[in-house]
Asks: 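I'd like to ask some things about the structure below.
Everything quoted here is computed from the prediction, not taken from an experiment. Throughout, a chain's letter reflects where its sequence line sits, starting with A, and its residues are numbered from 1.
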Number of protein chains: 2
Amino acid sequence: MSLAHAILSALMDCPRSGYDLAKYFDSSVSFFWDATHQQIYRELSKLEAEGYLTAEKIDQEGRPNKKLFHITETGTAFLQDWIAQPSELSPVKDDLLVKLFAGKSVPKEIILKELAHHRQQHCKRLEEYRAIAQDLFQSTGALPIENQFQYLTLHHGIRSETGWLAWCDEAILFLQGEGGLKRQQTESRSQNPESQSME
Amino acid sequence: MSLAHAILSALMDCPRSGYDLAKYFDSSVSFFWDATHQQIYRELSKLEAEGYLTAEKIDQEGRPNKKLFHITETGTAFLQDWIAQPSELSPVKDDLLVKLFAGKSVPKEIILKELAHHRQQHCKRLEEYRAIAQDLFQSTGALPIENQFQYLTLHHGIRSETGWLAWCDEAILFLQGEGGLKRQQTESRSQNPESQSME
DNA sequence: TAACCCATGTAACCTGTTACATGATTAA
DNA sequence: TTAATCATGTAACAGGTTACATGGGTTA
């Protein structure tokens with residue numbers, strides 16, 4: 001869908017090589033998009049052919065030559081157009097939840113183990129996100145405009161990981177409590193959620 | 001990745017036709033997986049060819065004939081195996097967050113409009129999930145084992161939508177507040193989140 | 001009489017994954 | 001001397017999207 005748009009966004013900032021983009025997608029873009037270097041190179045060729053990007057060849061000594069991709073005016077317009085188009089909610093796809101859904105067909109310990117494993121992975125991710133937050137936004141006072149939007153996406157990532165952690169904890173307790181007996185009330189604060197404060 | 005597994009899980013319950021599955025994926029599975037009828041039919045053929053499913057032909061009068069798919073023992077074993085294999089976190093991909101990331105390249109009103117639009121869609125989804133929760137889990141006392149896992153997946157969906165709503169509200173306020181000036185403190189309750197109570 | 005439900009599919013295309021391939025430089 | 005970093009790609013395959021196709025029965 002929007003790998004192309006994610007790449008164009010990343011190139012609005014500054015020109016980057018395919019390699020740079022792959023690294024970028026592994027860190028500062030990972031809160032909301034995921035792509036391998038193979039996908040990125042293929043998409044870059046396509047975007048160049050369509051005139052949304054131009055490649056600048058950089059000869060280097062002591063390391064491989066590279067191509068820096070710059071976004072063109074057509075590319076910028078294409079991105080702006082897409083942003084202005086209202087879009088649907090992105091589809092949800094989650095392996096762990098598929099496993100849980102079929103949970104009754106395996107011993108409970110297997111599910112509990114997998115929940116613990118995922119809990120730990122979310123924990124790790126949360127720490128990574130917090131570290132990025134520290135790096136980027138430690139100054140007091142107003143954020144420069146360039147960083148406001150990045151801040152919001154990162155904040156979403158932190159929120160989402162925090163939510164996963166809490167859900168994992170609940171699910172583990174629920175299943176350990178022999179299921180069902182400890183179910184709590186249906187109407188809760190989530191009707192009118194007390195929002196977590198910003199990171 | 002796991003469309004095959006999601007289909008097999010759905011058939012653990014009871015045999016279903018492709019059409020049934022498509023409807024099921026549109027409602028009770030939508031908290032964690034998404035698939036169109038084309039994908040489902042293709043996957044069913046494949047799963048049948050591999051021996052994980054058998055098709056039972058049902059001739060009907062007054063409406064089209066159909067095929068009911070039953071999971072086989074091989075199919076069950078295949079699913080159980082997959083569940084026991086530890087899996088990585090599912091990748092995040094979200095269009096709205098890509099738009100926000102590139103937010104500085106369009107007028108702020110466009111972003112605010114899109115945020116409001118998404119907020120409304122998440123609201124609608126949350127209501128749908130709550131309605132399903134009411135239907136399935138209104139009884140007091142212990143949940144039957146068959147429903148415990150479904151309950152947990154649904155609960156995750158409700159949690160996630162609640163989180164999205166709260167984030168949309170925060171993002172809208174943040175951007176309306178001329179950005180940055182109203183940023184709140186970095187260390188917050190999310191360090192040790194007060195979990196929302198179960199639905 | 002129009003739209004929706006039931007029910008199944010094909011075909012073309014685009015996107016994502018996995019494996020393979022190269023090769024110099026630098027840090028442990 | 002082993003592994004990681006820099007840097008770019010091809011090829012095959014699997015998974016997902018969009019458009020097309022059929023056709024009777026039911027509800028507004």
Asks: Under 4.0 Å from OP1 or OP2 of D:dG15: is there any side-chain N or O of A:K93 that close?
Replies: no
Asks: How long is the line joining CD of A:Q60 and C1' of C:dG23, in whole Å?
Replies: 15 Å
Asks: Please figure out whether A:S45 or A:K66 has its closest DNA chain D nucleotide nearer the 5' end.
Replies: A:K66
Asks: What is the distance, rounded to the nearest whole Å, between atom CG of A:D34 and atom P of C:dG16?
Replies: 9 Å
Asks: If I take atom CG in residue B:L44 and atom C1' in nucleotide C:dT10, what distance separates them, rounded to the nearest angstrom?
Replies: 16 Å
Asks: Closer than 4.0 Å, any side-chain N/O of B:Q39 to the OP1 or OP2 of D:dG15?
Replies: no
Asks: With respect to the side chain of A:Y41, which nucleotide from D:dG9, C:dG16, D:dT17 is positioned closest?
Replies: D:dG9
Asks: The side chain of B:P64 is closest to which nucleotide in this list: D:dC6, C:dG9, C:dA7?
Replies: C:dA7
Asks: Evaluate the ring planes of B:F174 and A:Y151, with Trp represented by its six-membered ring, and classify them as parallel (under 30°), tilted (30 to 60°) or perpendicular (over 60°).
Replies: tilted
Asks: Measure from NE2 on A:H37 to C1' on C:dG16 and round the result to the nearest Å.
Replies: 13 Å
Asks: So which one's nearest nucleotide on DNA chain C is more toward 5', A:T36 or A:R63?
Replies: A:T36
Asks: If you compare every side-chain N and O of A:S17 against the phosphate oxygens of D:dT8 (OP1, OP2), does one of them come in below 4.0 Å?
Replies: yes
Asks: With respect to the phosphate group of C:dT8, does any side-chain polar atom (N or O) of B:Y19 fall under 4.0 Å of OP1 or OP2?
Replies: no
Asks: Do B:I172 and B:L112 pass the side-chain contact (heavy atoms from CB on, under 4.5 Å) test, and can you show the C-alpha distance, the side-chain angles, and the key distance before you say yes or no?
Replies: CA-CA 6 Å; B:I172 289 167; B:L112 284 169; 4.1 Å; yes
Asks: How are the rings of A:F78 and A:Y52 set to each other: parallel, tilted or perpendicular (split at 30° and 60°)?
Replies: parallel
Asks: In whole Å, what is the span from the CG atom of B:D20 to the P atom of C:dG9?
Replies: 13 Å
Asks: For B:W167 and B:W164, take the angle between the two ring planes, folded into 0 to 90°, and tell me which bin it lands in: parallel under 30, tilted 30 to 60, perpendicular over 60.
Replies: perpendicular
Asks: Identify, between B:N65 and A:A35, the residue whose nearest nucleotide on DNA chain C lies closer to the 5' end.
Replies: B:N65
Asks: Round to the nearest Å and state the distance from B:R42 atom CZ to D:dC20 atom P.
Replies: 18 Å
Asks: Counting any heavy atom closer than 4.0 Å, what does B:Q38 reach on the DNA or RNA strands: base, sugar-phosphate only, or nothing?
Replies: base
Asks: Could you state the NZ-P distance from B:K23 to C:dC5, rounded to the nearest angstrom?
Replies: 9 Å
Asks: Atom CD1 of A:I40 and atom C1' of C:dT15: how far apart are they, to the nearest Å?
Replies: 13 Å
Asks: Output the distance between atom CD1 (B:I71) and atom CZ (B:R16), rounded to the nearest 0.5 Å.
Replies: 12.0 Å
Asks: Under 4.0 Å: is that the gap between some side-chain N or O of B:K46 and OP1 or OP2 of D:dA14?
Replies: no
